[in-house]
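In what follows, residues are counted from 1 in the order of the sequence shown. All heavy atoms count here, side chains included; hydrogens, waters and symmetry mates do not.
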Amino acid sequence: MSTPPLHPPVKRSVTIAGHPTSISLEPMFWDALEAEAARQALPVNALVARIDVERIEADDPPNLTSAIRQWLWRRRLDQMAP
């Protein structure tokens with residue numbers, strides 16, 4: 001099995017609480033975000049808004065893009081746990 005090529009981030013616009021913002025994520029993270037939103041039967045914007053709420057509540061909040069990557073990684077690890 002060959003390893004897929006690495007890609008730079010892709011910028012997309014999302015709306016959080018009625019405010020448009022841009023997020024730059026690598027395609028693999030966009031795919032994972034879209035898959036998780038579908039799994040939860042949510043629009044991507046709604047899932048990003050939920051992640052943003054968690055991010056803002058952190059003691060030392062990361063930027064939104066970093067929070068999304070960390071949230072997706074944590075979900076993946078949780079899914080892999082026995």
Side-chain angles (χ1 to χ4, degrees):
M1 178 178 203
S2 66
T3 303
L6 300 176
H7 293 280
V10 175
K11 185 178 279 193
R12 293 191 191 171
S13 295
V14 297
T15 301
I16 303 171
H19 301 285
T21 189
S22 294
I23 299 172
S24 294
L25 290 169
E26 295 77 8
M28 67 188 310
F29 287 107
W30 281 117
D31 291 346
L33 187 63
E34 290 167 353
E36 185 59 29
R39 193 184 76 69
Q40 294 189 26
L42 292 171
V44 170
N45 287 345
L47 181 55
V48 170
R50 285 185 181 180
I51 296 168
D52 191 43
V53 167
E54 288 184 34
R55 174 187 78 86
I56 292 167
E57 293 174 351
D59 290 335
D60 187 15
N63 67 47
L64 181 56
T65 301
S66 178
I68 291 168
R69 286 187 188 104
Q70 291 176 62
W71 189 92
L72 289 167
W73 181 249
R74 188 174 65 237
R75 292 292 294 181
R76 178 69 175 143
L77 291 176
D78 289 348
Q79 291 169 354
M80 292 172 49

S.K.: Are Leu47 and Trp73 linked, directly or through other ILVMFWY residues, by side chains that come within less than 4.5 angstrom of each other?
M.R.: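 No, Leu47 does not connect to Trp73 through the hydrophobic network.
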S.K.: Less than 4.0 Å between a side-chain N and a carboxylate O, is that true for Arg50 and Glu36?
M.R.: no
S.K.: Work out which heavy atom in Pro27 is nearest to a heavy atom in Val10; give both atom names and the distance.
M.R.: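 That closest heavy-atom pairing would be CG-CG2, 3.9 Å.
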S.K.: Please report the shortest heavy-atom distance between Val14 and Trp30, naming the atom on each side.
M.R.: CG1-CH2, 4.5 Å
S.K.: What's the spacing between Asp78 CG and Arg76 CZ if we round to 0.5 Å?
M.R.: 11.0 Å
S.K.: Out of curiosity, Met28 CE to Leu6 CG, how far, rounded to the nearest 0.5 Å?
M.R.: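 Separation between the atoms: 8.5 Å.
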S.K.: Around Arg12, counting heavy atoms of other residues, nucleotides and ligands shown, do more than 12 lie under 6.0 Å from its CZ?
M.R.: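 Atom CZ in Arg12 is crowded, with more than 12 foreign heavy atoms closer than 6.0 Å.
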S.K.: Determine, stepwise, if the pair Ile16 / Leu64 fulfils side-chain contact (heavy atoms from CB on, under 4.5 Å).
M.R.: CA-CA 11 Å; Ile16 303 171; Leu64 181 56; 3.5 Å; yes
S.K.: Using every non-hydrogen atom in the two residues, find where Thr65 and Ser24 come nearest and quote the distance to one decimal.
M.R.: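 The answer is CG2-O, 3.0 Å.
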S.K.: Mind jotting down which residue pairs meet the salt bridge (charged side-chain N to carboxylate O under 4.0 Å, His left out) criterion with at least one end in residues 20-30? Sequence neighbours excluded, please.
M.R.: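 Output for this query lists Glu26-Arg69.
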S.K.: Going from CD1 on Ile68 to CZ on Phe29, what distance comes out if it is rounded to the nearest 0.5 angstrom?
M.R.: 10.5 Å
S.K.: Could you pull out the closest heavy-atom pair between Ser66 and Asn63, with the gap in Å?
M.R.: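 For Ser66 and Asn63, the tightest heavy-atom pair comes out as N-OD1, 2.7 Å.
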S.K.: In plain terms, say whether Asp52 and Arg55 are close enough for a salt bridge, that is, a side-chain N and a carboxylate O under 4.0 Å apart.
M.R.: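 Looking at Asp52 and Arg55, the cut-off is met.
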